[in-house]
Structure formats: structure tokens, C-alpha cells
There are 2 protein chains.
Amino acid sequence: MSGFLRYKKILDLFSEERSSWTVLEISKSLKTPSSTIYRIVREMVTAEFLESASGSYFRLGPAFIKFNRIINFSDPLVRAGQPFLKKLANENPITSVNVLARLYGNNVMCVADYKSPSFKKNTSYQRGKLMPLMNGATSRAIIMQITGKRLENLIKLENFKSDEDKNIFLKDLKSDKKKGYCFTEGQVDKGLIGFAVSISNKKLGIEASLSSIFNLDDFLLEHEPIIYANLTTYGLLVEKYINEIFDDIQKYHHETNSIR
Amino acid sequence: MSGFLRYKKILDLFSEERSSWTVLEISKSLKTPSSTIYRIVREMVTAEFLESASGSYFRLGPAFIKFNRIINFSDPLVRAGQPFLKKLANENPITSVNVLARLYGNNVMCVADYKSPSFKKNTSYQRGKLMPLMNGATSRAIIMQITGKRLENLIKLENFKSDEDKNIFLKDLKSDKKKGYCFTEGQVDKGLIGFAVSISNKKLGIEASLSSIFNLDDFLLEHEPIIYANLTTYGLLVEKYINEIFDDIQKYHHETNSIR
DNA sequence: CTAAATTTCTCATAAATTGAGAATTTTGAA
DNA sequence: TTCAAAATTCTCAATTTATGAGAAATTTAG
């Protein structure tokens, strides 16, 4: 184990389910002597990526909160999309959860969310949450932008039960792509339905989606055209804002480079 | 430069003001050859701590969003305090920003915030934001828990203009400590006033504060007792919940250790 | 298509990490 | 407070890894 991986392996132990670890537990888990782990953990505590908690336990440190904030204020997708989620929620005909998500390695991650105050159910769609790659409209509207070798690789990871399943998925994806939006029912949370459109910006390397999730019970067929209209309108708006942010960044870098 | 510092120095370049860097810029800034930086950046991109943006620029990666989420769902202070911020806002007699903050190295960091919907001004109190160490009620309610050598060290860092300034500060701190709460006016943002109480849990290593920030213009003397009553009540409630969370964690670790 | 910019690769040298075990410090129960 | 157990730091020779100059390859943009 070397380089950054040495540190990442430790961080990756920390999860929602298990958020504090002792050095000895880490040492056991990574099959690495405790004197080594003590040294590494100390380094990470100094850097505030870990912090000591009660007893001999350590937990994730405040550095993550700090950097998360910087992303929140600077990530083009979050900056461009975040302000529209509430508006989208207010214009939807029924209560909804509205989500901006993006590709994160081999998963889809929610990067911003807004839930109507009256939305009752707890959903899987929360900022920072990893979502399944191929299930749910949110994810599909992202996957449908991916082509060629990258799509193949992602599909390999998914391990479809049969070739038939895989072909159905690909066919659905193709038809969604043609329509320009995705719809799924209960693929992520039972009793919920999702609608999504793609968000992309090649120059900024953004492959994302904007989606609205509803309670199946609330949904009537007559809502559908309004939902699509909203998503499409706001999707385009978000893309427009991303472009403007891109231009700002360009201008900024141009200025700072001239000063050099 | 060695160990984790090598990576941290690169991450620390990224800020709200300057959120994307090229390898060559990093290389110049850290006075390190570009072939070395290319290698390190590549490692960090693999780990999703950085990601490539437009052109040859890199930005902070989604790993921070992921770990931030884990903290949000597991940090005892955030878990215990977050749910009360809205309630506190609703019970305050005038619109307010309500903040949970904690010591972060040599700064105070806001870890959760809730602003009344009708609060107009933009404030410096937002999750992840670093606050001045000695200014503002939010920070003072934290500092007033610190004693001995640690307090001395923090004071040294603050570089008071004169011994007189320092003594006034210490005297104020002492009297706040006696009263059990802090009040400051315009120390962080002009036109705003802040009230704060301490939150602490020795076993969990928590040195924090709960505070309410108001517009000076809205404030009447008759509000004061209500504000203090609210802060004190909720402060104790948060501490009680932190204790319960501590017990849960203990129980959990006990269980997982028995299984071993 | 082409030149410039970006990124990766190579490899000898220099530097940092490793880990067993000893030494020290901290913790918590009596 | 006292004391043993637990947690943490320290030491240092052996081993592994990082470094960086420059060459080579790849990508980008006009």
C-alpha cells in the first residue's frame, strides 16, 4: 500500500453505519501493524481529516466540512442548479423531491436536493448519497449520455442477471434518449416514481441529471405534461447557467494569468 | 514535503475564490516540479479527491461531498443539534440566524445553520465557514470553555494590538463565563448582534456553541430574556442529546466488539 | 493537419516508510 | 492518590517508495 491509497483506505472505513474506529480496529481491518497506523492516523489528525473522539476512537475530521463548503460555493453544477430546485418543487403539481445528481466514479451521486416541506416519506435522495448506477430515473438520465467504451465498462460492473435483462435495459435507454427524458417507478424507493432530464456540459466535464420524485399515490396522468415541461425548462436553464459560470471561470483564469 | 502533507498542501490551494488549478499552476505555487505534481494529482483524481474540470484545470472532487454526508449523519454535535436550529429560530421573538459552531484547529467553524426564511441580510454564518477565533458571541462561547495552556496558545495566535486589549478580552471572557452566555455587537458582521451559549461534552471531545444572530434594527431590550431562555433551554437539550448519542455509540461499539 | 500544450513514462538517486519492540504517557478503577 | 492496563509514541535498520530531469506519447485547438 503506497501513496494516497494508504490514507484513502483508512478514510474508506468510516461510514454512516460505523463512524468511529480505534487504531487497533483499523490495524486489524487493514492487516497493518498498529505502530504504522498510529503514525498515519496522527498525520491525518494534524491535517484535520480525522479527529479523536471519545476514548481511543477516531472519527472523520472537519476538513471535509470545509472542503464540502468550497465545492458548494464553487462547483458549477451545484452553483447553477441548486437555486432552481426549490422553484421546481414549487411549480410541480404535487409534492416532490427534486434532485441534482452526477456521475461519481462508477456510481451516481446526489449533489443537491430540495424536498417540498409537505413531502412525507423519507427518500434515498440526499446530498452526498450514492445511488445505484442503472436504477431510477435520476441515474438513467445520466447513463443515457454515456456512450462507447465507457458505457460498456459501466454495464460490465452492473452484472445483469441475463443478456435479456441487459438488452431490455439498453433498449429502454435508447428510447429514453430519443424522448429526451426518463421515467421510472419504484426502482429506488417503493411507492415513489421519478422523472428526469439530462444535464451536461462537455467543456466542464459535467454528466448529470435533474429529477423530480413523487409519491405514486399522489400522481395522476394529467400531471405528466406539466412535470415534463418543468423539468425540461429548468434543465435548459441550469445548462445555460453552467455555461455562464464556465465563461466567468474562463475570464477569471485569463485575468489571473495576465497578472502573472 | 512528505506524508499526508504532500496531498494536503495541494488541497489547501483550492478555495472559494480560486476553485480550479492547472498542474502547472500548482507546480509553480508549491515550487515543485510538474512531473511530480502530475503524479500526485493523478493519484488524487483516482481517489476522487480531485477531478479534472475544463481544459487542463482540476477542481475538488466528489469524495468531499460523500464524507461530508457521513459526518452529517454521524457527528454527535451535528446529529444532536441540527434538528433544534429550526425550532430555536421559530421560538425566537425576531427573525434570526441560528448556528452550531465548534473549534476547528485554531479557528471556529460553523457546522450547522438555520436562517429564518424572512431574514434578509447575508451573514458570515454558514456551514463549513471558518469564523474568527475571538470575535462574535458564537466564537466566544467556545473560547470561554478553554483553559490553561491551550487558551494561552490560542491567545498568542490572535496577536492582540496591546496588552490592554488582551486584558479587556480576558476580563470580558471571565464575566461571560460567570453569566453563562455571550453577547456581542457587530464583531463579525456590521448591523448584527449575537447571543451564544456553550455546548460541551468532555468524553466526546466536543467544544462548541449554540448561537442566535439578529439584526440590530429588529432588536428590543424586552426580547433579551426570551432569547436567553431559548438558548439556555435548547443548549441543555442539545447536550442531553449528545449524551444519548454517546451512550448509543458506546453500546454499538460494545456489541461489535463482543461479536469479534 | 500541425504545432503547442498537456500528460505520461523512465530510471538512477535520494528520501521516506515500515514495523518490531521498547519506552512513555494516559486512562480509569479502586 | 495509586497502580495496572491500555493507548500512544519512539527508535532505527531494512525496505520500499517518491523524486525529478528529460524523453516520449497523447491530446487539444487553431
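Throughout, protein chains are lettered first and strands after them, A, B, ... in sequence-line order, and every chain is numbered starting at 1. Values below: every heavy atom of this structure, side chains too, minus hydrogens, waters and symmetry copies.
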Distance, rounded to the nearest Å, where [X] contributes [atom1] and [N] contributes [atom2]:
X     : N      : atom1 : atom2 : answer
A/W21 : D/dT8  : CH2   : P     : 16 Å
A/I26 : D/dT8  : CD1   : C1'   : 14 Å
A/L24 : D/dA6  : CG    : P     : 10 Å
A/L30 : C/dT18 : CG    : P     : 12 Å

Counting any heavy atom closer than 4.0 Å, what does [X] reach on the DNA or RNA strands: base, sugar-phosphate only, or nothing?
X     : value
B/S56 : sugar-phosphate
B/T36 : base
A/R39 : base
B/T32 : sugar-phosphate

Item to complete: Just compare C/dT17, D/dG20, D/dT19 and give me whichever is closest to any side-chain atom of B/S2.
Response: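 Of the candidates, C/dT17 comes closest.
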Discussion item. Which is more 5' along DNA chain D, the nucleotide nearest A/V23 or the one nearest A/F4? Just name the residue.
Written reply: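 Going by which nucleotide is closer to the 5' end, it is A/V23.
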Practice prompt. By nearest nucleotide on DNA chain D, pick out whichever of A/G3 and A/S34 is the more 5' one.
Written response: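 This one resolves to A/S34.
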Worksheet item: Is B/R69 positioned over the aromatic face of B/F73, cation under 6.0 angstrom from the ring centre and no more than 45 degrees off axis?
Response: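 The answer is yes, since B/R69 meets both limits relative to B/F73.
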Worksheet item: Roughly how far, to the nearest 0.5 Å, is CD1 of A/I142 from OG of A/S211?
Response: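 If I round to the nearest 0.5 Å, the distance is 8.0 Å.
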Discussion item. Please report whether the ring centroid of B/F84 lies less than 6.0 Å from that of B/Y241.
Written reply: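 Ring centroids of B/Y241 and B/F84 are less than 6.0 Å from each other.
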Fill in: Between A/S34 and A/S27: side-chain donor-acceptor atoms closer than 3.5 Å
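Looking only at side-chain atoms, A/S27 and A/S34 do not form any donor-acceptor pair under 3.5 Å.
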Worksheet item: So does A/R42 get a side-chain nitrogen or oxygen closer than 4.0 Å to the phosphate oxygens (OP1/OP2) of D/dC10?
Response: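 Checking D/dC10 against A/R42, a side-chain N or O does come within under 4.0 Å of OP1 or OP2.
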Worksheet entry | D/dT9 phosphate, OP1 or OP2, under 4.0 Å from A/Y38 side-chain N/O |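 For A/Y38, the contact criterion (side-chain N or O under 4.0 Å from OP1 or OP2 of D/dT9) is not met.
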